[in-house]
Amino acid sequence: QVRLVESGGGLVQAGESLRLSCAASGSINSHSMGWYRQGLGKGVERVADITAGGSPYYARSVEGRFTISRDNAARMVYLQMNSLKPEDTAMYYCSGWREENNPIDRDQYWGLGIQVTVSP
């Protein structure tokens, strides 16, 4: 199983930027990779992900502000977050999974998360 470690979070003011990084312990070449977040008292939200082939998905709430990218050789996934808003405040989790139609075969794995706080 691949282990994931997030970094790059912190406290910023609204309008500023952060770049989250996700380092994988093994190959992610054939995996979809994504970022999820959970604010206090809220459910887990799918923020952005990217398929093994490079096709991205963005939640409407971050479309145009966030960019997900991957570097398979470096075993890294990134989330560039621009024009941050207070509502972006959350724990952000990196995840990966096998691209299988049946969810039970996805073998999804998660990092421990990293805090992003955006002050007004």
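Computed from a predicted model, the values in this text were never measured in an experiment. Hydrogens, waters and symmetry mates are skipped; everything else that's a heavy atom, side chains included, is used.
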Quick one: [atom1] on [X] to [atom2] on [Y], what's the gap to the nearest 0.5 Å?
X      : Y      : atom1 : atom2 : result
Arg65  : Asp88  : CZ    : CG    : 4.0 Å
Asn101 : Ile104 : CG    : CD1   : 14.0 Å
Gln13  : Thr117 : CD    : OG1   : 13.0 Å
Met76  : Arg70  : CE    : CZ    : 12.5 Å
Tyr78  : Ser7   : OH    : OG    : 9.0 Å

For [X] versus [Y], what's the shortest heavy-atom pair and its separation?
X      : Y      : value
Ser95  : Gln108 : OG-NE2, 2.9 Å
Ser30  : Ala52  : C-CB, 3.8 Å
Asn82  : Gln80  : OD1-NE2, 2.9 Å
Glu6   : Tyr93  : OE2-CA, 3.4 Å
Pro120 : Ala14  : C-CB, 4.3 Å
Ser17  : Ser83  : OG-N, 4.1 Å

Going by atom type alone, with no hydrogens or angles, which donor-acceptor pairs under 3.5 Å involve a side-chain atom of residues 38-45 and a protein atom two or more places apart or on another chain?
| from | atom 1 | to | atom 2 | distance (Å) |
| --- | --- | --- | --- | --- |
| Gln38 | NE2 | Lys42 | O | 2.9 |
| Glu45 | OE1 | Arg37 | NE | 2.8 |
| Glu45 | OE1 | Arg37 | NH2 | 3.2 |
| Glu45 | OE2 | Ser61 | OG | 3.1 |

Original post:
Are the side chain of Arg98 and the backbone N or O of Asp105 linked by a donor-acceptor pair below 3.5 Å?
Top reply: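 At least one qualifying donor-acceptor pair exists.
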
**OP:** Output the rest of the hydrophobic cluster of Val116: all Ile, Leu, Val, Met, Phe, Trp and Tyr residues reachable through side-chain heavy-atom contacts under 4.5 Å, sorted by chain and number.
**Re:**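 Via sub-4.5 Å side-chain contacts, Val116 links to Val2, Leu4, Val12, Leu18, Leu20, Ile28, Met33, Trp35, Val47, Ile50, Tyr58, Val62, Phe66, Ile68, Val77, Leu79, Met81, Leu84, Tyr92, Tyr109, Ile114, Val118.
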
Original post:
Is the closest side-chain heavy-atom distance between Gln115 and Leu11 below 4.5 Å?
Top reply: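 No, too far: nothing below the 4.5 Å cut-off.
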
